[in-house]
Visitor: 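Quick one: structure below, then a few questions.
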Amino acid sequence: MIDLAPYVIALPLAGALLLMIFGKRIGKAAGIVASAAIGVPFLLALAMLVDLLGLHAEERSVIVTAFEWIEVGDFEAAARLLVDPLSIVMVLVVTGVGTLIHIYSIGYMHGEARYARFFSYMNLFAASMLLLVLADNLLLLYVGWEGVGLCSYLLIGFWFERPAAANAAKKAFIVNRVGDFSFLIGIFVLSASAGSLTVGQVNAEAGGMAAGVATAAALLLFGGATGKSAQIPLYVWLPDAMEGPTPVSALIHAATMVTAGVYMIARFSPVFEASGGPALLVVAWIGALTALWAGLLATAEYDIKRVLAYSTVSQLGYMFLALGVGAYSVAIFHLVTHAFFKALMFLGAGSVMHSLKGETDMRRMGGLRKAMPVTGWTFMMGWLAISGIIPFSGFFSKDAILASAWHEGQFLLWLIGAVTAVLTAFYMSRLYFRVFEGKLVTPGNLHVHDAPPSMAAALLPLGALAVIGGAINLPGALTLEVFLEPAVGHSEVPGGIVPWILGAIALVAGVAGIAAARFLYALPSGQKPLETLHERFSPLVNATQHKFYVDELYGRAIVLPGKALASFCANFLDARIVDGAVNGVAWLVGQSSWALRRVQTGYIRNYALTFLFGVVVAFSLLAFRGVL
Amino acid sequence: MNLEYFVFGVMFVMALGASLAMLFARNAVHAALFLVVTQVALALGFLLQGAFFVAAVQIILYAGAIMVLFLFVIMLLGVDTREALIDPLPGQRPLAIGLGGLLAAEILWVAVRGVELAAGGEDQATALTELNQNPGNVKALAAELFSRYLLPFEATSVLLVVAIVGVMVLARRIGRVPNTGTGAESASGSDKEGAAA
Amino acid sequence: MSGVVDLIGAVALIGLIKVVVVFVALLLTAALVTYMERKVIADMQARVGPNRWGPFGLLQAIADGIKLFFKEDFRPAAADRWTYAIAPAAAMVPSFLAIAVVPLGDHVTVGDRRVDFVIADINIGILYFLAMGSLGVYGVVLAGWASGSKYPLLGGVRSTAQLISYEIALGLSLVPIAMVAGSLSLSDIVAAQAGTVGNVTFFDGIPVLEQLQDIFSIVPNWYIWSQWPAFAIFFVAGIAETNRAPFDLPEAETELIAGYHTEYSGIRFAMFYLGEYIHVVVLSAVAVSLFFGGWHGPGLGILPWLWPLLWFLAKTLVVVYLIIWLRATLPRLRYDRLMWLGWKRLIPAALLWIVVTATVNTEGVSRNIRLAVFVVLAGLILAWVGRGDPRLAFAVNPQSGDDRGSA
Amino acid sequence: MSVPPGYYLALAGLMFSVGVVGALTRRNAIVIFMFIELMLNAINLIFVTFSRMWGHVDGQILVFFVLVVAAAEVVVGLAIILVISRRRGTANVDDVSLLKW
C-alpha cells in the first residue's frame, strides 16, 4: 500500500484540475467530489500507516519513486516520496482534518457563487501540502512549499471583491515571500554543502558539516519557517488572513499550512542539531516570545476569528519552543492536538458566523450555547483542550512541552511557557464566556439556528478528537513519541516526581486563567474590576488593542521606504534615466537619419556609384595589403 | 606563334575598341551593335584559348539570342532616341569616370602581376590542349558538367523556369478579355511570349 | 592549340585555295538556284519562265546581277547611315561562313598531303552552323530598323521574334543527331552514314516479309530513316530561318510591301537576295550532310574524288527543289499561327524526340525493339503535330471549342 | 609561346571598367543593361583564361552558369523595362526615382 503514496497527492490534484476545468458543469456536486478527492487519500494513508506499523521500527522509512524529474549529468532530482512516521502523521492530519473541513465547507459555502472554484483551490492546497510533507527532495518540497503559499493567497483573497480580503491576501503573500526567500537560500546552502537534495542525504551529511555552515543553513530554514508558520517577526499576516472563508482559516491557518514550518524543522532536525546551540536556541526563544506576544495580543481582540488567529500564532510558538529544546516529537504531538482543537474552534466560530450572517465581533454576541447546542458543546471541548484542562488533549501536549523545556534546563523558557498557559486559558475563556455563556445576545435579534448537518458532521468528530486526542501519546501505550523516534530521534522524558509537579503547575495555570476570565467577563461582579483594570493599565491596554503598533512599525520601517524606493525608481530612474536613454537614442537616430536621408536620392545610378566606390576601396585595400 | 599574337591583337583591338565605341555611341541600337562586335571578338578570344564549345555558345546565346532580344525591345519601345550629353546628376559622370579609371588601373596592376603568376601556368595550358584532343572539348566539358557540377546545373534549370514564369507574369496584359483566338490580339500576345522566352 | 591551328590553318595556302573555290562555287550555285527557282515555279504555274538570255534563259541570273549592280544606290533621309550600309553585308556574310564546316566531298591526296573537301573540320560543326544562323538575324533586324521607315521596322520586329523562336527548334532538332552520331562534327556525322543499313532481323519468322529483308542491304545507312521526325523539325525550322515561304512574314508583300528590304535597291538589294539564296543552299547542304549521307554515294573507278562532289551537289539540289516546291505550294502562315507552330508544336515535339532518341539508344536495347519503338512513337508524334490548332476548330465550329482555356 | 594569360586578364579588366563607367553614365535603362552584359562578358573572358591557365575545364563550366544567369537576368530585366515603359512612357532610369524617402 505504501507504493500508493503518489496517489495520495495525485487524487486531490486530479480533483483540483477536474473542478478547475469542469467546475461549472459539476456545480453542486463539487463539494462531494472534492471531499472524496481528499477523503480517499485519508483512507490510503490509514492503510499506509498499517503497512508501516507492520515493518520493523528501523525499516519504517520507505522511498517511493513517482517518476524521474530532472536528470542533468550527475545531478538528478527524481520525484521521490518519503514515507516515514513523521510524514505519515502529517499526511493523516492533513487528510483527516482536511476531509472533515471539506465536508464542513459543503454546508458553509452553500450558495456561494464560486462554489466549485473554492473546492478546486482547497483540493489544490491539499495536494500541495501533501507534496510538501511527502517530498523526499528539497526541490519537490519547495514546490509544495510554494504551492501551499499560492493556495493560501488564492483562498485568503477568495472574496476578492472586498478590498480587505484582497489586501490581506497580498500581505500574506508578500510576507511569506520574505520567508520563502530565506528558505530558498537555505536550500541552496544545504544542497551545496551536502551535495544532494534528498532529505535522507542531507540529514546524513549534516553531521559532517562545519558548524558555521550548519548554523547558517538552519537559521535560513528557520527564516522560512517564521514566514510560513507566522512567528516573530513575520507573524503579521496571519490575523489579517482571517478575511478568507472560515474553513480556509481552519484548514490552512490552523491545522496544516502554518504547521509546515514545524514539520520542516522536525524533518531537518539533524541540521539543527549539527549547528549545536545557537540555532536551536534562536528557535526556542523566538517560539517562546511569539507565544507570549500573541497571547497578549489575543486578550485585547474582539474579533472572534482574530482571537483564534492570535491563539494559533501563540500555539505555534509553543511548538517552536518544543523544537528549540530538541523535543521534536513533542512538537509534532502538539501540532496534532492543536490541529484537532483549533480546527474545531475555527469551525465552531464559522458556525457562529454562519448563523449570525457573518458577524465576528464578540461584543455583539452572547449566550449562544443554548441557541446552538452542537456548536456550543463542541466549542467547549476545544476551549477546555486549549486551556490545558485534564484530560482534554491540549493538556498532554502542552504539559509535555513545558516538561521538555524544564528538562533541558531552560527555566526562563519554561516560565514564559507557563505564563503563556495562563494567558491562553484567560483569552480563550474570555472568548467562550462572551460568546456562549450568559444572556442571549445577537446582532439585530436574529433567529439563531444550529449548524446544518454537514457542518455538524465535521464538528462532532473534531470535538471527540479534541477530547481524546491526547491519548495518542499516553505513556505506556503505543505512543506517538516512540513511533516518531526513527524519524526525529528520541526525546528525553523527565522521570520521577518532576513531571507530575510540572503537570500540576500547568493545570493550575489553566484553571487560573479560566477563573480570572470567568470573574472578569462572565460574572456581573467582574464588570467594575475590568473597567478599573482598563483605567489602571490604559496605555498597555491601548497598545495591546493596537497590536503593539507592529503593523504601523512595519509600515514605517519597511513599507514606506519601499514605496519611496519604488517611487524613486519609477519617477526618476525609469522616467528620466531609462526612458531618457531610450528616447535619446531614438532622437539621435531620428536626427541622424534626417541628415542622412539626403544621401538617398532615389537615382539608381547614384547608388551604383556608391557601390563602385566601395568596390574600389575594397580592391585598393586588398591590393595594398598584398593579398592580390 | 606569331600568328596567334596577330589574332590576339586583332581580337584585342576589336573587343576594346568596340566597348569604347559602345561607351561613346549615343544611339541604343549602335551600342547594341558594338556590343555584338565585342562578343564576337570575345568568342575569338575563347577560340584562341581552346574553349571551342564556350565560343560557339557565346555566339549562339549572346550574339544570337540575348542581343537580338535587346534589339527587339528597343524597336518595340522606340527608345532609340539620342541621349542628352549633359548628365542631370551633378558629379555623376566625372566621379564615375574617375572611379572607373581607378578600377581599371587596379585591375591592370593585378593583371600585370598575374603575368608573372602565369609564367608557371604554361604547363597546364598544354594540359588543356591535351584534354581538348583526347576526350575532346565538348566531352571534357560534359563529363565535368554532368558529374561534379550536376547540382548547380539543375539549379540553373530551376532559375530559368522561374525567370520564364516571372516574365510571363510581368509581360501579361491584365484585364484583356480573351477573344475568339483568331484576332490580332492573340497574335501580339504570343508575339510577346515568343520574344520573352 | 590544335583547334586554333585547325581554324587558322584555313588561312594557310591550301585553306586559302579552298576558301576561294568554295566562295566562287557557292556564288555560282546561288545564281543557278535563282534561275532554278524561277524556272520551277514557272513550270508549276504552267508558265515558261526566263528564256531570253542564253540557252533556256540560263544567263538570266547574270543579267539580273549586272542590272542590280548598276542601279542607283538609294538611301532614305531618315535612315541610319552606317547601319543601313552594313545590314546587307550582315545578312549575307553568315550564310557564306556557314558552309565552312560542311564536308562537300571525300578527300584527295596531292603528293603526300591529304586534302579534305571541307574548309574547316572543327569539332563543334553543328554549333558553328547554328551560331552563323543566329548571326544571320542581324541583317534583317538592322535593315528593318536602319531604314527609318515603318514597314521595314515592322518586318524587322517580326523577323526578330520569328528567328529567335525557330532557332530553338532548329537547335533542338539537331540534338538527337549529335546523340546518335556521338559527335558535333559534320564530318563525323557524314562518316557515320557510310554504307548500307545491312542485315535487319526485324521480320524474322514472318514468311513473306522475311524475303524483303534483303532489300536493306542496298538501302544506304542514312539518318533520315531513323531520325525523320528530327529532319521534319529541322526542315520546317530551317525554312523559317531563311525567311522563305511559307514563313516569309518579314517580307510579306501583301502586308508590309517588301518588309525589311523595302527601302533597299541596287547592289544592296542584290546582297539581300543573294544572302537568302546562299542561305537556302547552305541549309540544304547541311540537311544533306545530317540526314542524307552527305557526299556518300556509289561512284565509278575513274576520278574517285569527283563522284562524292557530284552526289553532294545532286542531293543538295534535290533539297533545294523541295524548298522551292514548298514556296509554290503552301500559302503564307498568319503571324499567330507561325508562333503557335514554333512554340507549341515544334519545340515540344523536338524535346519529346530527344527523349525518345535517348531512350531508344540506351545501351543494351536490341535493334528490333528500337525499330518498333521508333515506328510507334514517331507515328504518335506525327499524329499529335498534325492535329492542328484546336482554336481553329473553334473558329469553324464554336460548339467544339475544347482546349482554348489558355487563349 | 602562346599569348600569356595576363594579356587576356588585362583586356578583361579594361572591358569591365568600360562597362562600369558606361553603366554609371548612361541613362537609358536598356543601354545600362547592355553595359552590365559587357561586364559579364569580361568576366567570362577571365574564366576562360583561368581555365587555360590551370589546364582544366572548370572555368569554362562557370561560363555556362554566368550565361544562364545573364540570360535569365536579361529576360526578366527587359520585361520589367517593358512594363515600366508601358506605364510611364520612358526607359530613362532617372525618371524612375521612387526608391527614396
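All heavy atoms count here, side chains included; hydrogens, waters and symmetry mates do not. A, B, ... follow the sequence lines: proteins, then strands. Residue 1 opens every chain. Note that the coordinates shown come from a computational prediction; the quantities given were computed from them, not determined experimentally.
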Visitor: Given that the side chain runs from C-beta out, which part of D:Val18 has a heavy atom under 4.5 Å from chain B: side chain, backbone, both or neither?
Guide: both
Visitor: Short question: side chain of B:Thr38, backbone of B:Phe34 - any donor-acceptor pair under 3.5 Å?
Guide: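 Answer holds: yes.
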Visitor: Hey, could you give me the CG/OH distance between B:Leu35 and B:Tyr62, rounded to the nearest 0.5 Å?
Guide: 8.5 Å
Visitor: Counting only non-hydrogen atoms closer than 4.5 Å, does D:Phe64 touch chain B with its backbone (N, CA, C, O), its side chain (CB onward), both, or neither?
Guide: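 The side chain, not the backbone.
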Visitor: Name the region of B:Tyr149, side chain, backbone, both or neither, that has any atom closer than 4.5 Å to a heavy atom of chain D.
Guide: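 Both backbone and side chain.
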Visitor: So for D:Phe35, is it side chain, backbone, both, or neither that comes closer than 4.5 Å to the heavy atoms of chain B?
Guide: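 When you check distances to chain B, atoms from both the backbone and side chain of D:Phe35 fall under 4.5 Å.
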Visitor: Got a donor-acceptor contact below 3.5 angstrom from the D:Arg26 side chain to the B:Leu23 backbone?
Guide: yes
Visitor: With only heavy atoms counted, which part of D:Val63 is less than 4.5 Å from chain B, the side chain, the backbone, both or neither?
Guide: side chain
Visitor: Rounded to the nearest 0.5 Å, what separation is found between the CG atom of D:Leu38 and the CE atom of D:Met34?
Guide: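 Between D:Leu38 CG and D:Met34 CE, I get 11.0 Å after rounding to 0.5 Å.
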Visitor: With rounding to the nearest 0.5 angstrom, report the CZ to CZ distance, B:Phe46 to D:Phe47.
Guide: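 One finds 10.5 Å between CZ of B:Phe46 and CZ of D:Phe47.
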Visitor: Do D:Asn44 and B:Leu42 have side chains that get closer than 4.5 Å, going by heavy atoms?
Guide: no
Visitor: Given a strict heavy-atom distance threshold of 4.5 Å, which part of D:Val20 is in contact with chain B: side chain, backbone, both, or neither?
Guide: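 Side chain only.
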Visitor: Please state whether the side chain, the backbone, both or neither of B:Gln39 comes within less than 4.5 Å of a heavy atom of chain D.
Guide: side chain
Visitor: Please look at B:Leu108 and chain D and tell me whether the side chain, the backbone, both or neither of the residue comes under 4.5 angstrom of a heavy atom of that chain.
Guide: side chain
Visitor: Quick check on the interface: out of B:Ala65, B:Gly166, B:Ala32, who has the most heavy-atom pairs with chain D under 4.5 Å?
Guide: B:Ala32
Visitor: Can you tell me which portion of B:Leu145 sits under 4.5 Å from chain D's heavy atoms? Options are side chain, backbone, both or neither.
Guide: both
Visitor: With sequence neighbours excluded, what pairs up with B:Leu99 under the side chain to side chain contact (heavy atoms under 4.5 Å, CB included) test?
Guide: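 By the side chain to side chain contact (heavy atoms under 4.5 Å, CB included) rule, B:Leu99 matches A:Leu609, A:Leu612, A:Phe613, A:Val616.
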Visitor: With respect to chain B, which residue among D:Phe65, D:Phe16, D:Phe33 yields the maximal number of heavy-atom pairs within a distance under 4.5 Å?
Guide: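 Of the options given, most contacts go to D:Phe65.
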Visitor: So for D:Ile46, is it side chain, backbone, both, or neither that comes closer than 4.5 Å to the heavy atoms of chain B?
Guide: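 Contact with chain B: none, neither part.
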Visitor: Apply side-chain hydrogen bond (donor to acceptor under 3.5 Å, both in side chains) to D:Thr49 and list each qualifying residue two or more places apart in sequence or on a separate chain.
Guide: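 Per chain and number, D:Thr49 pairs via side-chain hydrogen bond (donor to acceptor under 3.5 Å, both in side chains) with B:Gln49.
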Visitor: Measure D:Val74 against the heavy atoms of chain B and call it side chain, backbone, both or neither at under 4.5 Å.
Guide: side chain
Visitor: For chain D, which candidate among B:Leu159, B:Val162, B:Leu102 shows the most heavy-atom pairs at distances under 4.5 Å?
Guide: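 The option with the most such pairs is B:Leu159.
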Visitor: With under 30° as parallel and over 60° as perpendicular, where do the rings of B:Phe146 and B:Phe153 fit, or are they tilted in between?
Guide: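 Correct class here is perpendicular.
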